[in-house]
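We name chains A, B, ... by the order of the sequence lines, and we start the count at 1 in each one. The analysis underlying the following values was restricted to heavy atoms, covering all of them including side chains, and did not include hydrogens, waters or symmetry mates.
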Amino acid sequence: MQVNENFEPVIVAFCCNWCSYAGADLSGTNRLNYPTNVKIIRVPCSCRVNPIFILRAFQRGADGVIICGCHPGDCHYTSGNYFTRRRITLLYSMLDFLGIERNRTRLEWVSAAEGAKFAAVMNQFTEDVRKLGPNRRLEDLRCRKQ
Amino acid sequence: MQRIGVFVCHCGTNIAATVDVKAVAQALANEPGVVISQDYQYMCSESGQDLVKAAIKEHNLSGVVVCSCSPRMHENTFRKAASAAGLNPYLVEIANIREQCSWIHKDIASATEKAVVLGKAAVAKVHLNTPLTAGESPVVKRALVIGGGIAGIQTALDIAEAGFEVDIVEKEPTIGGKMAQIDKTFPTLDCAACILTPKMVEAAQNEKITIHSFSEISDVKGFVGNFTVTIKKKARFVDETKCTGCGLCTEKCPMKKVPNEFNMGLDNRTAVYIPFTQAVPKVATIDPNYCMMLKNGKCGICSKVCSVGAIDYKQTDRFVEQKYGAIVVATGFNPIKLDKYDEFAYSWCPDVVTSLELERLMNAAGPNGGTLLRPSDKKHPHTIVFVQCVGSRCDDEKGKPYCSKICCMYTAKHAMLIREKYPDTEVYVFYIDVRTPGKNFDEFYRRAVEQYGVHYIKGMVGKVSPKADGTIDVQASDLLSNEQLHIDADMVVLAAAIEPDKTARPLATMLTTQMDTNDFFTEAHPKLRPVESATAGIFLSGACQGPKDIPETVAQASAAAAKAIGLLCKNSITCNPCVAHSDELMCNGCSACEKVCPYGAITYQDKEFRMPDRTTAIRRVASVNPAVCQGCGACTVACPSGAMDLNGFSNSQIMSEVDAICK
Amino acid sequence: MFRISAEKLNDLFDRIASKQTLYIPVDREDKAAEYKKYESGMTLSSALNTVRSAKDFFFPQTENLAEFRLSGKTIEVKDIRSEHEDFVIFGVRACDARSFGILDSVFLSEPVDTFYKNRRDHGTIVTMACTRPEETCFCTTFGINPTMPGGDVSVFPDGTGYSFLANTEKGKEFMAEISDMLEEGNPAQLAKVQENTRNILKRLPLANLKTDSFGGERLMKHFSSEKWAELSESCIGCGTCTFVCPTCQCYDIRDFDTGNGIKRFRCWDSCMYSDFTKMAHGNSRNSQLERFRQRFMHKLVYHPSNHEGEFGCVGCGRCLSKCPISMNIVKVMKALEDK
Amino acid sequence: MQEAMIKRAKELLADGTVNRVMGWKKGEFVYDTTPAVFETAEELEKEFVCNDFTQANLSKYLIKESRKEGKILAFLKPCDTYSFNQLLKEHRIIRENVYVIGIPGGPKLDMEKIKAKGISGILDVKNENFTLKIETLYGTETMPFYEAVSGKCADCKSKKHVVYDELIGEDGDVLASRRFDMVEKLENMTSQERYDFWRGELSKCIRCNACRNVCPACTCENCVFDNPKSGIDQKAAADSFEENMFHIIRAFHVAGRCTDCGECSRVCPQNIPLHLLNRKFIKDINSLYGEYQAGADTTSKCPLTDYDTDDCEPSIVHERGVE
């Protein structure tokens with residue numbers, strides 16, 4: 001696949017308030033770098049992420065969407081991320097089924113202590129999406145930047 | 001029209017060194033709805049907050065965006081500041097441009113660009129913020145403790161000590177639980193009754209404590225601070241208020257062949273009975289399965305001998321409804337049934353006993369008056385084999401996957417006590433591992449081995465076969481010397497795994513608390529909230545949460561009490577306003593939301609609606625109890641019609657952030 | 001009258017397509033026909049009609065009307081109208097050809113819908129006479145003659161070739177462009193084909209369906225008929241009938257926020273939808289009965305009342321074959337007609 | 001069969017067990033049968049029909065009908081009973097107000113499949129020993145019965161009635177169908193091929209909402225796509241994204257609830273194989289979370305409102321099959 005050097009992917013990261021958002025803060029506190037492409041949206045729990053939000057992001061020009069939540073078993077709300085895991089697995093599988101590049105979507109468990117993991121995940125994900133190039137299969141042409 | 005104020009913090013150089021804060025403020029000033037956009041050295045400082053407050057007043061702001069450090073740091077600070085200036089605190093949003101921007105990026109241009117996007121997302125969100133008011137819900141100043149074992153008693157005593165009314169509901173005729181059946185306790189070897197019974201009496205005498213013995217929970221409604229519980233007081237056919245516990249009825253009762261459950265069925269009691277001498281309440285109970293008067297109306301002796309007229313053959317179950325602010329679950333444990341363990345011959349050989357049965361056999365109040373005799377022929381046993389981990393740490397269907405935790409220690413205790421009292425008795429212990437973490441535990445175990453000469457053999461017993469001569473052939477493997485052993489034993493003691501009481505599962509359903517696959521109650525957080533359930537206002541005490549020994553149980557009981565007291569101290573609870581709510585006009589009543597709610601916050605009701613076609617229809621709709629909802633949002637995604645939404649993180653708010661970021 | 005033999009038809013298509021965009025009905029994989037932009041090598045469908053009607057060319061399902069660009073706090077309105085390119089639709093049946101007249105009566109009356117007119121002005125309609133009507137056909141009920149299909153140019157298949165007849169000025173210009181490819185026609189052969197078709201038309205199961213019981217003067221009688229409840233009870237309220245219908249012309253105008261501005265567009269709407277004509281006070285037709293009644297009253301009563309007796313149906317039979325629950329205008333007419 | 005159904009319906013009307021009968025009504029042709037409610041014996045005699053073309057699933061109508069005065073008799077085919085059960089589970093139908101008679105299911109015939117053979121002007125279709133004798137305006141045609149079987153019946157999953165008050169005819173069994181074959185075929189394509197396939201199909205969508213409105217799982221009081229408050233309402237697919245969005249979200253909303261009745265694909269005027277989206281979810285649920293048939297009972301937990309602590313991670317999507 002051809003890599004466009006100038007392509008800067010837009011990446012939306014949904015982070016749960018209790019683990020992953022704190023993990024992101026920790027990677028900041030520890031000055032662990034990850035690309036500016038990643039923009040975080042704070043949600044109370046990963047189970048708050050509606051598939052509609054994910055599609056919406058792609059519609060509006062996101063090139064990759066990643067959801068981060070507490071590790072299974074560690075959910076602040078005890079079971080939220082278990083529901084997330086089922087819902088998002090099925091959704092990603094459906095997107096894959098429709099021929100949307102599978103590397104545009106990801107779900108990762110990042111605890112509040114895993115600042116390093118957060119940065120590593122974001123670096124890797126951004127690289128993967130950058131390799132894929134701009135999202136063309138699930139974008140809304142009306143929203144494309146002129 | 002929105003009037004939004006944007007406040008960009010330098011955080012000294014923490015932000016300003018990598019983000020051009022002035023450019024950020026300028027860019028955000030151009031966003032729709034923004035009427036003022038400022039930057040400042042330290043926004044969280046007194047003077048920074050004053051800046052925000054002044055702007056709110058001067059520009060009559062309808063929303064505030066602070067571009068600063070993580071909301072985990074100062075969201076509350078700025079909410080308070082807004083509140084002080086007369087703006088609803090939930091109209092404040094934070095754009096995290098420090099932890100998630102300036103600290104992780106080096107290039108000023110791109111970091112500034114990102115900070116602007118994060119600011120725009122926050123502005124877009126704040127456009128849709130609505131004023132929220134944290135609700136308050138009153139707290140009933142009374143606690144319910146379910147289970148009257150040592151855990152329940154300790155919790156009740158602690159709560160009563162703090163000055164609150166507390167009710168104990170115990171399903172047996174007496175409180176005391178498993179500890180009352182135990183002879184001595186490890187690692188101090190003091191007598192269980194000697195330390196437990198004073199507590200039982202204390203509980204009975206404490207005027208803040210009401211004991212509902214021989215009672216069960218039949219219904220729980222409500223939520224934290226305001227539970228309504230229906231208690232079923234089972235008919236005991238004796239008027240508790242009149243019975244003095246003199247015991248004359250039990251002496252005169254002609255039906256003397258009732259298996260005595262307190263002594264694990266090793267001896268008999270009468271149909272009218274008091275479980276044991278120090279029972280609390282010391283009130284007789286008639287067992288309707290055996291009482292001849294209740295079964296066929298012939299007898300009535302107890303009624304005749306009772307001088308206070310306490311016997312009431314017509315008594316029926318009674319239901320008591322009571323309101324509570326907090327509920328503590330202390331339903332305890334039971335040893336598992338061993339009828340499936342044919343290899344240990346438990347079902348047909350009376351001399352193969354469980355450890356709890358051994359406790360009774362050795363107890364002065366037990367069937368043999370404290371002398372250890374074989375159940376079969378009442379002879380003194382000379383060789384006793386203990387088998388560890390019967391049903392614990394098992395992969396198969398018969399047993400439990402977990403370690404029952406207490407068996408290693410009580411077996412060491414039993415071995416030591418036997419060797420102490422009967423030095424001529426040889427004691428063998430077959431174990432997988434000996435686990436003795438705990439204060440003075442390992443020392444205790446080593447004393448059993450070194451001082452008392454107990455034979456500890458690493459290995460599993462394969463087969464226990466009773467022989468014609470009355471002895472028992474124990475076939476086992478010694479894993480360390482790698483050889484097969486045959487021991488001619490007089491008695492075999494099985495350390496049966498422990499499991500949660502069977503009443504726990506239906507109780508958990510009533511309480512909408514969660515259980516793990518083994519039916520132990522799940523704590524709100526395994527490390528940080530070990531005595532709270534995930535359901536607000538429900539606390540966990542003792543072995544209902546996991547296997548525990550007595551000191552741990554008591555420690556957890558007091559901890560649960562402290563948590564309950566903390567709740568009862570409050571006159572009302574402030575609720576998190578960021579909770580789910582259902583739009584009844586869109587709700588289908590399909591129950592999807594209820595099924596994913598970890599707190600049981602969602603209930604359904606049939607309501608009459610005027611439909612668009614001018615007819616009225618009764619529809620089943622969901623409603624969320626804001627005092628119980630914790631705001632996770634699981635329901636909002638389970639709901640296909642979008643009727644369920646979350647305050648503070650609404651569908652439209654999150655989508656507006658998405659839009660702003662992708663723009 | 002001029003003729004081209006069947007094997008030369010694609011040469012003709014190539015010629016037309018070299019000058020302007022040409023659309024012809026082609027078979028999809030599922031054997032249903034649809035209009036496609038002609039590319040060399042495509043085969044003309046033998047199906048009687050396309051699933052979607054030809055109205056799509058003049059009244060597409062969605063059409064952008066205007067744009068608002070947003071930068072900071074300023075809004076700029078952009079007119080995005082542009083002259084449409086010339087195009088030819090080939091193979092339009094008589095029913096669809098008549099539907100354009102019905103659409104014209106709405107869109108071209110004052111105030112003129114300039115978006116519609118723009119497309120209409122630039123489109124040349126080449127119709128195709130029917131030779132094998134379906135059992136669902138009832139165009140003759142509305143006085144349509146499928147052997148004389150109309151449009152700018154009529155084409156008459158005779159089994160081995162196609163004869164062309166220009167009906168309008170635009171048609172004559174079109175014919176002039178291709179005249180060198182055409183040979184002299186055979187009117188006798190054609191007359192035989194038409195005679196044959198007319199005989200089939202008489203045998204159609206719906207041949208006796210009449211409009212006598214309908215029209216503007218029957219408004220109150222039909223509006224208050226008790227039959228509507230029964231007719232509408234199984235309607236699922238989808239828009240299939242309206243969207244495959246060549247004469248349904250209702251639309252909604254919506255704004256789409258792209259993040260950088262607004263795109264204002266119109267899109268088909270359906271009177272069968274629960275939010276059709278929803279206004280600030282709510283909805284004027286709240287039950288499916290009312291919505292169902294509206295659609296058929298419009299076609300059979302209101303439309304002739306407002307347009308000199310012209311009914312709002314052309315008898316193409318699409319709704320008969322596509323309604324999920326097989327409720328359709330024929331059943332409605334039969335239920336309401338004078339007995 | 002039709003006679004037995006009419007006879008039994010008349011009995012139940014006569015003895016007051018029910019006051020209405022839900023079935024199918026004759027149309028203009030042999031194939032255009034319409035779901036209908038009958039109130040009298042005369043109506044039943046005159047218009048009730050049950051033939052090779054009575055495909056429509058009646059379950060969804062019972063949401064409304066069960067809320068009306070009195071009890072209604074409903075004739076349900078095996079596949080319809082699954083939908084009925086699922087609706088019971090979601091508290092959408094009041095069970096006491098419906099008297100369910102289970103009737104044998106298909107295979108039913110699909111008119112479009114007959115027409116796809118180039119047979120037109122169809123006046124009558126008769127099944128003679130599994131050969132269809134088709135009277136048309138242009139003469140008599142024949143074709144094998146099984147080539148005209150509708151898509152939903154060709155992939156029949158079960159001939160068993162999961163709920164009924166009584167049966168007419170024998171009850172059948174759950175079948176070992178090959179209904180996931182096409183899903184599997186798509187899974188084995190490359191990502192680009194899958195994308196092209198679905199673009200080709202979904203671009204045909206005219207957003208008539210027939211699939212949604214006929215779907216017994218789509219029973220929302222107000223669909224998110226109709227509700228301006230949802231922020232994602234759309235009346236027409238103004239962009240290819242909106243075609244994808246509508247069908248993905250619709251499939252997601254019915255995931256774990258879709259009984260695979262096949263109505264969506266049956267009613268699609270553009271013949272889009274919409275059922276494949278739902279089947280993809282069903283196949284995934286079966287393989288990842290254990291076999292689950294929505295509507296098979298009224299007590300089991302829907303896989304999407306349930307979980308197992310040992311569930312697979314979403315990375316499985318990235319690891320399996322073809323990219």
Side-chain contact test, heavy atoms from C-beta onward, threshold under 4.5 Å: evaluate it for [X] versus [Y] and give yes or no.
X      : Y      : result
B:D583 : D:K229 : yes
D:H91  : B:C590 : no
D:N227 : B:M586 : yes
B:I618 : D:R67  : no
B:R620 : D:R92  : no

Search all heavy atoms of [X] against all heavy atoms of [Y] and return the closest pair with its distance.
X      : Y      : result
D:L304 : B:V596 : O-CG1, 4.4 Å
B:M655 : D:S230 : CE-O, 3.1 Å
B:N588 : D:T219 : OD1-O, 4.0 Å

Notebook entry, point to check: chain B heavy atoms under 4.5 Å from D:D226: which part of the residue, side chain, backbone, both or neither?
Noted result: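 For D:D226, no heavy atom lies under 4.5 Å from chain B.
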Note to self: Does any backbone or side-chain atom of D:K301 lie under 4.5 Å from a heavy atom of chain B? Answer side chain, backbone, both or neither.
What the structure shows: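 Answer is neither: D:K301 stays 4.5 Å or more from chain B.
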Margin query: B:M611 vs D:E221, test: side-chain contact (heavy atoms from CB on, under 4.5 Å). Steps then yes/no.
Written below: CA-CA 10 Å; B:M611 304 300 282; D:E221 294 289 329; 3.9 Å; yes
Check: Tell me, side chain or backbone of B:C593 under 4.5 Å from chain D's heavy atoms, or both, or neither?
Finding: neither
Item checked: Neighbour count >12 (heavy atoms, 6.0 Å) for atom CG, B:D395 -> no
Item checked: Neighbour count above 12 (heavy atom, 6.0 Å) for D:K283 NZ -> yes
